[in-house]
Amino acid sequence: MATAAADNGASRTAAPAQNALSGRVVLSAADIDRALTRIAHEILEANKGPQDLVLLGIPRRGFPLAVRLARKLAAADPSIAAEQIVGQLDITMFRDDLSRQPTRPPSPTRLPAQGIDDKVVVLVDDVLYSGRTIRAALDALVDLGRPRIVRLAVLVDRGHRELPIRADHVGKNLPTSAAEKVRVRLAETDGPADASFLEDHVAIESPAGAETEERTR
Amino acid sequence: MKHLLSTRDLTPGDAIGILDTAEEMAAVNDREVRKLPALRGRTVVNLFFEDSTRTRISFEAAAKRLSADVINFAAKGSSVSKGESLKDTAQTLEAIGADAVVIRHSAAGAPHRLAVTDWIQAAVVNAGDGTHEHPTQALLDAFTLRRHLARVAGTPSAGADLAGAHVVIVGDILHSRVARSNVWLLTTLGARVTLVAPPTLLPIGVEHWPCAVSYDLDAALDQAPDAVMMLRVQAERMNASYFPSTAEYSRLWGLGDERFDRFDTPAFKDTVILHPGPMVRGLEISSTAADSDRSQVLRQVANGVSVRMAVLYLLMSAKESAR
């Protein structure tokens, strides 16, 4: 059993198409683009139009996703100017695990010029997991203003929620085990820094051996 | 980083990291709710064995904006006047539950002593020790200068160092912990520093510092520096006469009206005046210069809160076990 798992893992990483992307790729660049297009239309549909929409990305990878979503919204509805509805919301100082983690430097918070009071704020993040990041984001939002509605859009929902939080718009529901890691790589954040970066993708990384066990369960 | 004792220990990366974090803290100070929950439930003790207005208030405001509890301690009116030692005072505060101790002491090395001994576990921030160092003042000076240079160049200040900048520091270098901290920090960040003072107010060994030294303020100003930092003559630390008269000092090493008129020439277009405060108007700086729009004194005070928030956050946010 143990040898079979090891062989399995070895043959997968050796596959030519995935030599730079270790782990199991679950969303390709084209999949990500399609999911964002759908989410953009869902946002417009849920809001019954483009009125008062503000997209706030959560650093690091939520922000480029928010920018991409804003462009897709602008493409779908010409009355939207993409750069005027998108912002970044830093949540570092609002985390509930600050004292248990090594010190993190904060990122800038940038709001659109129109502010967020009485707007429909869509929080955008890459992976929804425990829900604690979103709780921190809601706290951060309260200190900045009073939106009319707050919604949540995520590229991947991997389950394992620890708080009563759900996403309104999901790119892909991805059942995972808590031992696995979901890795999102985007050109904007990872392209310049990572020499092995080829294209946008979402992959699941498993600790050695655990992957097969999880799948046979 | 566990303690902040000296700017000499800071690498360029550390220093830029503190300034960048301060940049985000400054954004909070512009918001409607000027408060962050980052240090909720932590306690900062301001342990001041020497008088201070702006440093203590600045640290207090910084700690409160990060939601920490603040205990202010002044040596006057405490058991120190009954003869209690630094060790006993510090351990008393630790027993009360201090997570960080901000200390100002007339003896150089007192913060270092608290940090390296096992007297207390709390993070130690040096808020001025004798004539040794005052790191947060140097950090806020660098922050103010970096923002000014970025504004002039039209570039973002985050991530930048001070490469190519020239700073002239004038006055009582001998007794100035601000000058020492600034020499180390500004040169670490790539700036060039020139110290200007009467020979009697320069410390022994200054020739080994990474900076130029001059006795002639007018000659130093001929180079049209980016910033001129005027220091106060620390009469309370002077047990001898270091110059013949205050009028002579003011004429030769003060930024009086006549010397300030030179700043109207094009070479000085973007030169700013810094002063760590408190200013003695009429001695090292004239009111015209102090109240001009070149003077960054009030910006320095405002930036001081942001820089101290950054320092407290970086030292305190992670508990010992997570570091």
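Every chain is numbered from 1, with letters handed out A, B, ... down the list of sequences. All of these numbers come straight from a predicted model, not from anything done at the bench.
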Contact check, side chains of B:R42 and A:S99, non-hydrogen atoms, under 4.5 Å: yes
Exam field: side chain B:Y313 to backbone A:R104, donor-acceptor pair closer than 3.5 Å: yes
[X], [atom1]: over 12 other non-hydrogen atoms inside 6.0 angstrom:
X: A:Q51; atom1: CD; value: yes
X: B:R299; atom1: CZ; value: no
X: A:E162; atom1: CD; value: yes
X: A:R161; atom1: CZ; value: yes
X: A:K181; atom1: NZ; value: no

Spacing of B:R31 atom CZ and A:L111 atom CG [to the nearest 0.5 Å]: 8.5 Å
Point-to-point distance, once rounded to the nearest 0.5 Å, from CE of A:M93 to CE of B:M309: 7.0 Å
B:R40 portion near chain A, given a 4.5 angstrom heavy-atom threshold: neither
Residues of residues 135-154 of chain A contacting chain B, heavy-atom criterion under 4.5 Å, by residue number: A:D143, A:L144
Residues of residues 65-82 of chain A with any heavy atom under 4.5 Å of a heavy atom in chain B: none
B:E24 versus A:P106, closest heavy-atom pair with distance: CG-O, 3.8 Å
